[in-house]
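Naming convention: chains lettered A, B, ... in sequence-line order (proteins, then strands); numbering from 1 in each chain.
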2 protein chains.
Amino acid sequence: MPRKNGPPATRQRVSIRDVARESGVSLSTVSNALSGKDCVTEKTRQKIEEVARRLGYRASGVARALRYGRTFTIGVLMADVSNASMPDFLRGIEDVADREKCSLLLCNTDDLIEKQLAHMRVLLERQVDGLVLVSQHCDSPEIRQLLDAGTPSVLLQRRSPRYKDDYVGADNREGMLSAIDHLVALGHKRIGLMRGPVQSSTATEKLEAFREAVASRGLDPDPGLIVQGNYLVEGGYQAASRLMDLPKRPTAIIAANDMSAMGVLNAASERGLSIPRDLSLVGWDDVELASFPFIDLTTLHLPKREMGAAAATLLMERIHKKRRVKTKEVILPIELMVRGSTGPAPGIRRRA
Amino acid sequence: MPRKNGPPATRQRVSIRDVARESGVSLSTVSNALSGKDCVTEKTRQKIEEVARRLGYRASGVARALRYGRTFTIGVLMADVSNASMPDFLRGIEDVADREKCSLLLCNTDDLIEKQLAHMRVLLERQVDGLVLVSQHCDSPEIRQLLDAGTPSVLLQRRSPRYKDDYVGADNREGMLSAIDHLVALGHKRIGLMRGPVQSSTATEKLEAFREAVASRGLDPDPGLIVQGNYLVEGGYQAASRLMDLPKRPTAIIAANDMSAMGVLNAASERGLSIPRDLSLVGWDDVELASFPFIDLTTLHLPKREMGAAAATLLMERIHKKRRVKTKEVILPIELMVRGSTGPAPGIRRRA
DNA sequence: TTGTATGCGTTATCAT
DNA sequence: ATGATAACGCATACAA
């Protein structure tokens, strides 16, 4: 029986057919036996299993996916895995995916909308069961169109300002208030904020909470105290430099995130400013290095792995059609980790 | 026409069939038109494209994979993406994968052989086109069996001591010698080595080069100067503590990697030892934080992204059957980044 | 209990 | 230029 069809599909893989032929039974019997159905004689099953093992048979996930209409695959889009928090988000997603027998297809977008679009198209073509986006870009029309194409999706850490999606984030407002209250308790009144990128929804939330606190706690409302950062070390350095070179320097800085806080440390050491004696510093995210004794950064702990897991859980609900229309948001608490980078404001007596 | 087949495969997706029906042509014509064959009238093509767009048609990667016998997917196995070097390896792999229209399935093994086995089985079932392993476990019989099952694979950063595989690594011997020569030039004679895990092939290579150098450079051969580390901060702390509490402390330490070097910094600050005045420190990997001004760690730069790319390139050669049997090794150069954590040995005049 | 037939969506071959 | 068909590997409904 010569193959009549085209060159592709070289048919080198051992398939259920080979097992059937070799064990002298039919396809379905093999299928039944191997998937543990009870309608197969123990003897037949034994035989089949032996043959399968001998031939090194391994069911084709591709064929299965085609048949089931499910790939047991989840696509993950993030700007850059190399960014400190990303691996933890990823691990959280994986925790749940593993449990649900799903694998992860990972794509880096480098924060480029075009790259994200291309990746999304590929992922949808691959028929992933769902999509997790840790991305600033969830608002452009093309992306919305793909998002609405029917494949479940969930936003993690960054949300769309204009649309209502399934979303997992952290309580940034609470975080900001607790940071400020901590600083206020230490006597700080002139607090600088390094805000994150304008497209970042979390940056916006933090900024709003900051303004709210400035008003309600009676802090110095000088708009010069709010500078632009970008979540990177270098951006943190530049932003911090602007704050430090202000005619009247803030006594404390809240960085856009831990990485930009590193930039602040650089800027401070350059100017011979001692932290926390001359300047208190609060980070955001609580990445691993924040807890190193020689860094010892006071920061807001983002439960990254838990957030990833929560996102994946939301996604699985959709995939299992447990929830069809109503969107859901999960906001996880955020905790201030008080470490050594914050101290009494200069000129304030200890235990003020 | 009621569906007769089983419950799965719900048939909700718009397929090439729908496009064919809607545009009043046959399946093959749609396929030809959409895949840019020239045997289609321009008018027909227009029509088909319009319909496809209108219906939101997207070809099924799964069906294609079944048909082609290729999934355009590469499986990546690593102990833990959260480890500092992993994201860079991953990016390198992705660089090449993107170019080759492949996506990455990422699996964390947590360095557990059972987990790795399970993931490998899943990946092979999914019919990935190839496998990249950044894993200590490539030597157990079960794993070898899967590795030899026909799917191309390449080892990255860690190799098998017993088997010859496609492999990409760095020139660890050169790295170690350059580190030692740097220290020797600074007057160090009593150098401590924190070796990596025993299963780590790179750790072994470094250790051998260290011993070679101790002999050839006439360094203190005290076996107590070699302690066990584990690539983690805490392990580095403990190992460094042992070295520092030696009756006669080394004047320099070469850490297992940058993370354990952080542990050394912790141990040093705990003992009030100043680096590099009392103790010189060399790391390994050159992760981002090594270059932060307030850390400023002298370390060996591992070209991680390039290594990942080289591994993926090797893999693609196999996938494209450019190379069938002969295994290939790529050893990338490693470069000493001299920063502030190394200085003259105590008791040595400056500019010794 | 076991075998036969069908379809998942695609594309290459072959016929028209 | 276009259409009919088979095959990739699997799982199921149904018949024997």
Side-chain angles (χ1 to χ4, degrees), chain A residues 1-21 23-48 52 55-72 124-127, chain B residues 1-21 23-48 52 55-72 124-127:
Chain A
M1 207 194 296
R3 291 195 55 261
K4 269 217 309 223
N5 213 356
T10 335
R11 185 92 181 68
Q12 52 199 0
R13 209 186 146 77
V14 357
S15 88
I16 200 172
R17 271 242 266 300
D18 305 296
V19 180
R21 187 162 1 89
S23 24
V25 296
S26 77
L27 292 181
S28 30
T29 305
V30 176
S31 177
N32 285 331
L34 260 32
S35 52
K37 294 269 196 329
D38 51 355
C39 61
V40 180
T41 320
E42 194 47 35
K43 216 181 83 183
T44 317
R45 181 192 307 279
Q46 296 276 331
K47 172 73 177 168
I48 290 173
L55 265 44
Y57 169 73
R58 202 159 288 286
S60 156
V62 174
R64 248 190 208 147
L66 186 61
R67 168 76 222 219
Y68 279 145
R70 262 202 71 184
T71 54
F72 289 86
L124 292 181
E125 252 187 39
R126 282 166 184 280
Q127 287 165 271
Chain B
M1 206 197 296
R3 292 197 55 262
K4 269 216 312 222
N5 215 355
T10 336
R11 183 92 181 68
Q12 53 197 1
R13 209 186 147 78
V14 357
S15 87
I16 201 171
R17 272 243 265 299
D18 305 296
V19 180
R21 187 162 0 90
S23 22
V25 296
S26 75
L27 291 182
S28 359
T29 305
V30 176
S31 176
N32 286 331
L34 261 32
S35 51
K37 295 269 198 331
D38 51 354
C39 61
V40 179
T41 320
E42 195 47 35
K43 215 181 82 183
T44 316
R45 182 192 307 279
Q46 297 275 333
K47 172 73 177 166
I48 290 173
L55 265 45
Y57 168 73
R58 202 160 287 286
S60 156
V62 175
R64 249 189 206 148
L66 185 61
R67 169 76 216 202
Y68 280 143
R70 261 202 73 184
T71 53
F72 289 87
L124 292 181
E125 253 187 39
R126 283 166 184 279
Q127 289 164 269

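Near-neighbour residues of DNA chain C inside residues 55-62 of chain A, defined by a heavy atom below 4.0 Å, are absent. Near DNA chain C, defined here as any heavy-atom distance below 4.0 Å, the residues from residues 24-33 of chain A are A:V25, A:S26, A:S28, A:T29, listed numerically.
Residues forming a side-chain contact (heavy atoms from CB on, under 4.5 Å) with A:R64 (at least two apart in sequence, or on another chain): A:A59, A:Y68, B:E125. Residues passing the salt bridge (Lys or Arg N to Asp or Glu O under 4.0 Å) test with A:R58, sequence neighbours excluded: none. Applying the side-chain contact (heavy atoms from CB on, under 4.5 Å) criterion to A:I16, with sequence neighbours excluded, gives A:L27, A:V30, A:S31, A:Y57.
Pairs of residues two or more places apart, or lying in two chains, that qualify as salt bridge (Lys or Arg N to Asp or Glu O under 4.0 Å) and include a residue from residues 38-48 of chain A are A:E42-A:R45.
Atom P of nucleotide D:dG9 and atom CZ of B:R126 are separated by 18 Å, given to the nearest angstrom. Taking atom CG on B:L66 and atom P on C:dT11, their separation rounds to 12 Å, with Å as the unit. Atom-to-atom, OH of A:Y68 to P of D:dA13 comes out at 11 Å; the value is rounded to the nearest Å. If you measure from atom CZ of A:R21 to atom P of C:dT2, you get 20 Å, rounded to the nearest angstrom. Distance CD1 (A:I16) to C1' (D:dG9): 8 Å, rounded to an integer number of Å. With rounding to whole Å, B:R13 atom CZ is found 11 Å from C:dC8 atom C1'. Rounded to an integer number of Å, the gap from B:R70 CZ to C:dT11 P is 15 Å. Spacing between atom CD of A:E42 and atom C1' of C:dT2 amounts to 16 Å, rounded to whole angstrom units.
To the nearest 0.5 Å, atoms OG (B:S15) and CZ (B:R21) are separated by 7.5 Å. To the nearest 0.5 Å, atoms CZ (A:R126) and OG1 (B:T71) are separated by 7.0 Å.
Looking at every heavy atom in both residues, A:A33 comes nearest to A:I48 through CB-CD1, 3.7 Å.
Across all strands shown, B:K37 has heavy atoms under 4.0 Å from sugar-phosphate atoms exclusively, and none from any base. Note on A:S35: nothing from the nucleic acid sits closer than 4.0 angstrom, heavy atoms only.
Regarding contacts with the backbone of D:dC8, a side-chain N or O of A:R17 is found under 4.0 angstrom from either OP1 or OP2. Phosphate contact (OP1/OP2 of D:dG9, side-chain N/O of A:R64, threshold under 4.0 Å): absent.
On a pure distance criterion of 3.5 Å, a polar donor-acceptor pair joins the side chain of B:R67 and the base of C:dT11.
Between the side chain of A:S60 and the backbone N or O of A:V62 there is at least one donor-acceptor pair closer than 3.5 Å.
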